[in-house]
Amino acid sequence: METRTAQLLKIASKFLLASPATAVESPGEGFINDTYILHTADADTDYILQRKNRNIFPDVPRMMENIRLVTDHIRRKVIERGGDPMREVLTLIPTRDGELYHKDEEGEYWVVTLFIPRTVTYSQADSEDLARKGGKGIGKFQSELDDFCRPLSETIKGFHNMRHRLMQWDEAIAADRAGRCASLATEIGWINARRDEMLHFWELVETGTLPLRVTHNDTKISNILFDSDTNDVLCTIDLDTVMNSTSLNDFGDAIRSYANTGAEDDPDLERVGLSLGMFRAYTEGYLSQRARQLCPAEIDNLALSARYITFEQVLRFLMDYIDGDRYYKIKYPGHNLVRTHAQYRLLESMEEQYGQMDALVHQIFEKYR
Ligand code: GN1
Ligand code: MG
């Protein structure tokens with residue numbers, strides 16, 4: 001029997017690496033894909049090997065084509081502004097056959113990117129300065145994609161589309177696959193009480209009031225590489241969900257992580273809440289890059305987008321718990337319910353402070369418009 005390491009090294013050998021991989025490390029992060037670091041004989045060159053989750057991404061080849069188009073575009077921008085294209089954008093490593101992925105005998109898809117050294121990632125923002133830098137980084141990412149005009153494939157159907165999410169929700173409640181609904185009356189009530197208001201937000205996208213742009217769709221802080229010398233955002237990673245949607249998704253999802261005083265799955269709800277200071281700092285960084293490019297409806301709905309994406313996350317964690325934990329990786333039984341409660345506490349805190357959040361957005365917008 002081949003060991004797992006030997007299997008992974010064999011998969012790595014399908015790719016055009018500068019020198020062969022010799023060791024594999026498993027950082028054990030991410031809720032969806034399996035991620036490994038490949039070390040090579042050359043101490044300065046490592047790679048990231050990922051097995052893409054094909055239960056979640058039904059068409060990995062089209063997803064990889066999205067990522068290729070977007071990274072090629074950003075790479076041109078980085079070169080134009082005199083940046084370092086090996087560090088400021090993901091580099092996809094092709095297979096020896098020139099493909100963007102390797103498909104193994106079991107039909108699993110594998111992808112390799114260049115590992116970017118001297119970087120740091122965070123699971124929570126530890127200072128307002130970091131939040132400001134994070135906002136600036138996503139603002140810059142969006143700006144660099146403003147003139148990207150090729151259509152992108154929809155890698156996950158209806159990803160941040162509330163009409164679609166509520167349809168899935170109604171099906172999950174009706175099916176009650178794990179027999180858990182009877183004990184979740186309170187939590188189910190949280191969703192049902194807000195569905196009309198949240199659907200209304202999505203209608204702004206459907207009617208074109210909120211324009212479609214190129215969006216990352218998964219901008220939580222752990223998907224950003226910060227430069228370990230300067231702590232500036234260096235590179236936005238995890239581009240699996242890059243698609244056309246409202247750019248407010250990226251603001252809202254970032255606030256959900258940067259401005260939370262607790263962890264995403266904090267079992268201690270006393271620790272969870274929205275920090276207005278962190279909210280202000282992130283918004284400052286973000287609007288310093290984007291104020292002149294966003295339309296009035298985007299500014300008016302910026303603060304609401306944080307509630308929208310956090311609500312969606314409550315719904316998705318709870319729906320997965322109801323479905324019997326099939327989507328997200330869990331670390332212990334009941335993890336999805338703990339995540340649901342922690343995200344709901346954050347949502348309530350945003351609702352309590354919504355007036356101040358919205359006022360801050362408009363104040364900061366005036367400064368940069
Ligand atoms: C997943 O893959 P990862 O861990 O970056 C999820 C996001 C959720 C997030 C919750 C494709 O992100 O949508 O917001 O978990 N990605 C997908 O932390 O579903
Ligand atoms: Mg992701």
Side-chain angles (χ1 to χ4, degrees), residues 26-36 48-60 62-64 66-67 70 90 109 111 113 121-125 134 138 141 152-162 164-165 168-169 172 198 215-225 235-243 245-246 248-260 262-267 272 305-321 323 325-331 335-347 350:
S26 174
E29 278 165 28
F31 294 8
I32 308 286
N33 300 316
D34 295 335
T35 304
Y36 305 92
I48 297 288
L49 171 69
Q50 261 195 336
R51 184 176 67 122
K52 298 293 183 184
N53 187 330
R54 65 190 161 114
N55 295 330
I56 288 176
F57 301 109
D59 192 338
V60 175
R62 282 175 68 192
M63 171 171 98
M64 293 312 298
N66 276 0
I67 299 178
V70 163
L90 274 187
Y109 287 94
V111 169
T113 54
T121 55
Y122 298 90
S123 56
Q124 275 177 266
I138 286 297
F141 174 84
L152 292 171
S153 305
E154 193 176 23
T155 48
I156 297 183
K157 189 173 164 10
F159 194 52
H160 288 309
N161 174 336
M162 194 54 67
H164 185 75
R165 290 294 181 194
Q168 292 178 323
W169 167 259
M198 293 297 133
T215 49
H216 180 282
N217 293 308
D218 192 5
T219 45
K220 64 178 175 185
I221 188 168
S222 55
N223 283 331
I224 308 294
L225 296 183
C235 181
T236 302
I237 56 173
D238 192 5
L239 301 174
D240 295 350
T241 50
V242 162
M243 285 181 261
S245 190
T246 162
L248 300 195
N249 297 341
D250 291 353
F251 180 83
D253 203 19
I255 294 302
R256 190 177 71 75
S257 65
Y258 283 88
N260 186 355
E264 185 185 58
D265 59 351
D266 217 312
V272 178
S305 73
R307 279 169 53 199
Y308 180 86
I309 292 288
T310 307
F311 170 82
E312 186 197 303
Q313 198 63 69
V314 177
L315 183 155
R316 290 174 63 197
F317 284 148
L318 182 56
M319 185 162 74
D320 197 31
Y321 184 68
D323 278 343
D325 308 306
R326 291 158 179 267
Y327 187 95
Y328 290 110
K329 289 183 190 171
I330 53 169
K331 293 195 172 137
H335 195 179
N336 271 321
L337 190 57
V338 171
R339 287 167 169 158
T340 303
H341 283 240
Q343 291 291 292
Y344 181 68
R345 177 66 206 109
L346 177 63
L347 177 62
M350 289 176 177

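Since the model is a prediction, treat every value here as computed from it, not as a measurement. When a ligand or atom number is given, it counts from 1 through the structure's own listing order.
Proximity annotation for atom 7 (C) of ligand 1: of D218, T310, T219, D218 comes nearest, heavy atoms only.
Residue E312 does not touch ligand 1, judged by heavy-atom distances below 4.0 Å. Only the side chain of N223 comes within contact range of ligand 1, with a heavy atom under 4.0 Å; no backbone atom does.
At a 3.5 angstrom cut-off on N or O pairs, R316 counts as close to ligand 1. For ligand 1, the polar-atom distance check finds an N/O of K220 within less than 3.5 Å of one of the ligand's N/O atoms. Among the atoms of F31, some N or O lies under 3.5 angstrom from an N or O of ligand 1. Considering backbone and side-chain N/O atoms, Q313 comes within less than 3.5 Å of an N/O atom of ligand 1.
Of the possible donor and acceptor atoms, none in the side chain of E264 sits under 3.5 Å from a partner among the backbone N and O of Q343.
Salt bridge present: K52 and D240 bring a charged side-chain N and a carboxylate O closer than 4.0 Å.
In this structure, D240 does not count as a contact residue of ligand 1, since none of its heavy atoms falls inside 4.0 Å of the ligand. Close to ligand 1: I156, with a non-hydrogen atom less than 4.0 angstrom away.
Taking the six-membered ring where tryptophan is involved, the planes of F317 and F31 are tilted, since the angle between them lies from 30° to 60°.
At least one test fails for K157 against the ring of F57: distance under 6.0 Å to the centre or angle within 45° of the axis. Figure legend: R165 and F311 shown without cation-pi pairing, the cationic atom not lying both under 6.0 angstrom from the six-membered ring centre and within 45 degrees of its axis.
Each of the atoms 2 (O), 3 (P), 5 (O) of ligand 1 lies under 4.0 Å from some heavy atom of D238. Here is the list of ligand 1 atoms found below 4.0 Å of a heavy atom in Y327: 11 (C), 17 (C), 19 (O). Of all the atoms in ligand 1, the ones that sit under 4.0 Å from a non-hydrogen atom of R256 are 10 (C), 14 (O), 18 (O).
Annotation: salt bridge (Lys or Arg N to Asp or Glu O under 4.0 Å) contacts of D253 (sequence neighbours excluded): R256. Every residue meeting the salt bridge (Lys or Arg N to Asp or Glu O under 4.0 Å) condition with R307, not counting sequence neighbours, appears here in chain and number order: E197.
In the model, T215 has a side-chain atom that pairs as donor or acceptor with a side-chain atom of N217 under 3.5 Å.
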